[in-house]
Amino acid sequence: MMKTSITSLVAIATSYLLLIITPTQKSTYHSLFISNSVSDNASISHHLKTLTRRPHTAGSEANAEAAAYVASVFTSSDIASHVASYQVALTYPLSRSLLLTNPPPEPPITFTLHQETYEGDPYADVADEAVPTFHAYAKSGSASGPVCYVNYGRVEDYVTLKEKSGVNVSGTVVLARYGKIFRGDIVRNAYEEGAVGVVIYSDRKDYGGDGEAQWFPRDKWLPPSGVQVGSVYDGKGDPTTPGWASCGECERLNEDEVEKEGDVPLIPSLPVSAADGEKILRSIGGPVAEDDWQGSKDAPVYRVGPGPGILNLSYTGQQVISTIQNVIGVIEGAEEPDRFVILGNHRDAWTFGAVDPNSGTAALLEVAQRLGKLQKRGWKPRRTIILCNWDAEEYGLIGSTEWVEENREILASKAVAYLNTDCAVGGPGFKARATPQLDELIKKATHQVRDPDNSSQSIFESWTGSSSSPLLGRLGGGGSDYASFVQHVGIPAADIAFGGDIAAYPVYHSLYDDFVWMERFGDPMFQRHVAAASVWGLVALWLADEEFLPFDYLSYAKELQHGVEKLEDEISNKDIYLSPIFRSIKGLQKAAIKINDQRREMETSKGWITWKKDQLKVRELNDRLMMAERAFTDRDGLFGMSWYKHLIYGPSKHNDYGSQSFPGIDDAVKMAKNLDTAESWHRVQHEVWRVSRVITHASLVLVGQLT
Ligand SMILES: *[C@@H]1O[C@H](CO)[C@@H](O)[C@H](O)[C@H]1NC(C)=O
Ligand SMILES: *[C@@H]1O[C@H](CO)[C@@H](O)[C@H](O)[C@H]1NC(C)=O
Ligand SMILES: *[C@@H]1O[C@H](CO)[C@@H](O)[C@H](O)[C@H]1NC(C)=O
Ligand SMILES: *[C@@H]1O[C@H](CO)[C@@H](O)[C@H](O)[C@H]1NC(C)=O
């Protein structure tokens, strides 16, 4: 009797102490995480140098070596790790040729399609290990015809071409410049216009400092022979296993079936350099292109064609079933091991990958090492933290997508959030994109971390600049590994970076994205990397350690309201009834207020006697916060794109990089504006109803009561 009561007294006292002490200790650890005493720019620089010693495309031996390095750093930080391998269909170039026949007396030109090294280039001896310049998943074949210049190759560029110059590109090889839309969509748009082949070049105006600048290694700009390699596949994951994981022995689509899926191009394409693009432009006659289609001041006058220059393009690719490695590190949660906070970044690169993606990998390893140091001082996360280093992202987000497809049900029931960084550092200036319940948390983290470019202010202050609130992007586009988490499963997610737009980082996907470029231009002191690791890790720590998940769905309701108001302007002259969405957003707002109140009440009224029971209640409330995002997904997915289940954030049909709110409504509106039939407008109304239903479902999940 006596003994029991002492035991229970001790137990109560322990719980009480835990309750009082744990939160303070946790925040001490969080402050430690972002302090100078655990951060290490020299170690980040060392990681980056090691990871980028050789070109390491997915499927290569060099990339497997890089995977082993990542695993070794996890191990030395006391983080258990394993490799999740997949057998996936990747393509590599077997033969490429591009011939330009100029009108006489100009001689024909056979392009070498080769990026040059420079004198003193420390990577000259391994440059040949880089995959030859090509487009992954390009259609094999030959195409020839007169050339047309189509600006950025957007849908609206073809409209301009027809309306202003009367040019029809059918039967021609089009020359497009890189920059505004995803390259796969440049090829798709060209195909839909009847072109037989596509050549995409990097214009000096966009990538070369507009004519007057020096280029790498003297300046950050892309050299004249520099080429942007990349994938032209519009889908997500291994194209031969749509919707399921790619294992050694699994069902695979054949080539015809893959083409029927509609995400691989049906005409051949090649990327070329600024210098080659300019030679091709000189061969094009016909009407002078619009002012905003022109190049640098000292460039020739761009004309649209067609011809008289003729391009013969030929490409043969080889599809290889290759082994890829996702390296997964796990720090098990002490109290809720079955709740996951997931951080991810990819490792594979088109060349050396100093910015894309290994600045992110170096930051991931820095986060791992800091968490290792916290563990040494006694910290344990409440929830499980998972560090993922993805493979084959460049080909089509393959490593992350196969993993998510394989683990879909577990992730759908246990993942709290996914935090991505791809090009963590490509220059100065913080940027973030997120599902909106994470907005406030990200802002809060940037308040706590110093701006790496100005220590007298926080990242938040430099991010906000002169505006009152920073601009957060959204995750509807397909730009990186967050896509399957958000768009396929409905997991709250964020993506952060420093710099990274073309003007800051023009050597994107070229041979020159190497350690020298990073050390000279991207991040000379590696302090931006330090800051990226701090923000990224701090958000993860809060999500992993706070008793109540720090999600705020009021931000979501606000964001949705903005989205519908924009939509309302766009279709104001049509008889579309938007009140179902407005009503559902009101409901979401009410539900968000209600759950926020419940949380506050539980925080203040929690008694020490009822600690155990409270933990179940806390868990129940957290589960509602976690699952509300899932409610935005729909079994049938987006119209004609059923893999994309999320009805709020998904890709736009003509630009996979574009981030769209309500992609289903947006596509329906575009089509209806085109066709202008009663039926097409009826589909817009149907999509409006679908979106309002998922928003209502999210409110029901937040409130958590059966109807
Ligand atoms: C290039 O294509 C044209 C057809 O557009 C063809 O007549 C010519 O023989 C081809 N040249 C070469 C070298 O393949
Ligand atoms: C363009 O030319 C092709 C082939 O000559 C023709 O079939 C098509 O209708 C034309 N398109 C337009 C918009 O004129
Ligand atoms: C650094 O931050 C301080 C405080 O916000 C500001 O006054 C100053 O202009 C900034 N310096 C630079 C170079 O941006
Ligand atoms: C690390 O940062 C310090 C202070 O900013 C700087 O002096 C040092 O050169 C940096 N180290 C590396 C490897 O960039």
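We number each residue from 1, following the sequence as shown. Because the structure is a prediction, the values reported are computed rather than measured.
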### N/O donor-acceptor pair under 3.5 Å between Gln487 side chain and Leu475 backbone
yes
Sorted by chain and residue number, the side chain to side chain contact (heavy atoms under 4.5 Å, CB included) partners of Ser35 (sequence neighbours excluded) come out as Leu32, Ser37, Val38
Steps toward side chain to side chain contact (heavy atoms under 4.5 Å, CB included) verdict (Phe485, Trp403): CA-CA 10 Å; Phe485 289 91; Trp403 191 77; 3.9 Å; yes
Point to revise | Ring center gap for Tyr505 and Trp517 short of 6.0 angstrom | key: yes
Taken in chain and number order and not counting sequence neighbours, the residues that satisfy ring-ring contact (aromatic ring centres under 6.0 Å, His included) with Phe33 are none
| said: Between Leu343 and Ile385, is there a side-chain heavy-atom distance shorter than 4.5 Å? | reply: yes
| message | Working note: Gln325 + Ser85, criterion side chain to side chain contact (heavy atoms under 4.5 Å, CB included); need CA distance, chi angles, decisive distance, verdict. | response | CA-CA 5 Å; Gln325 295 100 5; Ser85 293; 4.2 Å; yes
* Asked: Going by the angle between their ring planes, with limits at 30° and 60°, are Phe521 and Phe216 parallel, tilted or perpendicular?
  -> perpendicular
Please check if any side-chain donor atom of Gln87 sits under 3.5 Å from a side-chain acceptor atom of Thr323, or the reverse. yes
*Worked check of side chain to side chain contact (heavy atoms under 4.5 Å, CB included) between Phe74 and Leu387*: CA-CA 9 Å; Phe74 284 172; Leu387 306 175; 3.8 Å; yes
Note to self: Less than 4.5 Å apart, side chain to side chain, heavy atoms only: is that true for Leu625 and Leu702?
What the structure shows: yes
Side chain to side chain contact (heavy atoms under 4.5 Å, CB included) filter on Glu546, not counting sequence neighbours, yields Lys444, Trp542, Pro550
Any heavy-atom pair between the side chains of Val73 and Gln369 that's under 4.5 Å?
yes
Residue pairs meeting salt bridge (charged side-chain N to carboxylate O under 4.0 Å, His left out), one or both in residues 356-376, sequence neighbours left out, come to Asp78-Lys376, Glu366-Arg370
Those residues at least two apart in sequence (or on a different chain) that pass ring-ring contact (aromatic ring centres under 6.0 Å, His included) with Tyr92 are none
Apply ring-ring contact (aromatic ring centres under 6.0 Å, His included) to the pair Tyr556 and Phe632, showing each step before the final yes or no.
CA-CA 11 Å; Tyr556 224 125; Phe632 293 122; 4.7 Å; yes
Main-chain N/O of Ala445 paired to Gln448 side chain as donor or acceptor, under 3.5 Å = no
Arg54 meets the salt bridge (charged side-chain N to carboxylate O under 4.0 Å, His left out) criterion, sequence neighbours left out, with Glu65, Glu129
Checking Gln437 side chain against Tyr553 main chain: does a donor-acceptor pair fall under 3.5 Å?
no
Of Asp513, Thr57, Leu511, the one forming a side chain to side chain contact (heavy atoms under 4.5 Å, CB included) with Trp350 is Thr57
All heavy atoms of Ala540 vs all of Val341, minimum pair found to be O-CG1, 3.9 Å
Ionic contact status for Glu620 with Arg624, cut-off 4.0 Å: yes
Q) Any side-chain heavy atom of Glu394 sitting closer than 4.5 Å to one from Ser231? A) no
I'd like to know if the side chain of Thr421 and the backbone of Ala497 have a donor-acceptor N/O pair within less than 3.5 Å.
no
Note: Gly344 and Tyr418 closest approach over all heavy atoms is CA-OH, 3.3 Å
Strictly distance-based, threshold 3.5 Å: is any side-chain N or O of Asp391 a donor or acceptor partner for the main-chain N or O of Gly399?
no
Q: Indicate yes or no: at least one non-hydrogen side-chain atom of Val70 is less than 4.5 angstrom from one of Leu51.
A: yes
- Does the side chain of Arg383 come within less than 4.5 Å of Leu543's, by heavy atoms? no
Could you check whether any side-chain heavy atom of Leu397 comes within less than 4.5 Å of a side-chain heavy atom of Trp390, counting everything from C-beta outward? no
Checking Ser45 side chain against Asn41 main chain: does a donor-acceptor pair fall under 3.5 Å?
no
So, does Arg630 use its side chain to make a donor-acceptor pair with the main chain of Gly490 at under 3.5 Å? yes
### Query
Would you find more than 12 non-hydrogen atoms of other residues, nucleotides or ligands less than 6.0 Å from Arg619 atom CZ?
yes
Check your understanding: Hey, mind stepping through Arg474 and Asp439 against salt bridge (charged side-chain N to carboxylate O under 4.0 Å, His left out) and telling me if it holds?
Key -> CA-CA 10 Å; Arg474 298 300 165 205; Asp439 287 5; 2.9 Å; yes
So the salt bridge (charged side-chain N to carboxylate O under 4.0 Å, His left out) pairs with at least one residue in residues 410-426 (sequence neighbours excluded) are none
In short, Thr351 meets Ala130 closest at the heavy-atom pair CG2-CB, 4.4 Å
Please examine the side chains of Asn389 and Asn345, heavy atoms only from C-beta on, and report whether any two atoms are closer than 4.5 Å. yes
Check your understanding: Sub-3.5 Å donor-acceptor pair from the side chain of Tyr29 to the main-chain atoms of Arg377, do we have one?
Key -> yes
Hits for salt bridge (charged side-chain N to carboxylate O under 4.0 Å, His left out) against Glu440, two or more places apart or cross-chain, chain-then-number order -> Lys443
Item to complete: Could you label the plane-to-plane angle of the Phe515 and Phe526 rings as parallel, tilted or perpendicular, counting under 30° as parallel and over 60° as perpendicular?
Response: parallel
Item to complete: Would you confirm whether Asp523, through its side chain, and His529, through its main-chain N or O, come within 3.5 Å as a donor-acceptor pair?
Response: yes
Exactly one of Phe498, Trp536, Phe460 clears ring-ring contact (aromatic ring centres under 6.0 Å, His included) with Phe430, and that residue is Phe498
So salt bridge (charged side-chain N to carboxylate O under 4.0 Å, His left out) across residues 450-459, not counting sequence neighbours, yields Asp453-Arg528
Would you sort out whether Ile34 and His30 count as a side chain to side chain contact (heavy atoms under 4.5 Å, CB included), showing the intermediate values?
CA-CA 7 Å; Ile34 56 169; His30 300 169; over 6 Å; no
* **CG/Asp125: more than 12 non-hydrogen atoms of other groups inside 6.0 Å** => yes
- Looking just at side-chain N and O atoms, do Thr28 and Gln25 make a donor-acceptor pair shorter than 3.5 Å? no
Discussion item. Looking at Ile398, is its backbone amide N or carbonyl O close enough to the side chain of Thr401 to form a donor-acceptor pair, meaning the two atoms are under 3.5 Å apart?
Written reply: no
Per side chain to side chain donor-acceptor pair (under 3.5 Å), Asn358 is matched among His56, Arg347, Lys49, His346 by His56
Asp501 meets the salt bridge (charged side-chain N to carboxylate O under 4.0 Å, His left out) criterion, sequence neighbours left out, with none
Across all chains, not counting sequence neighbours, the side chain to side chain contact (heavy atoms under 4.5 Å, CB included) partners of Met525 are Gln527
By salt bridge (charged side-chain N to carboxylate O under 4.0 Å, His left out), Arg408 pairs with (sequence neighbours left out) none
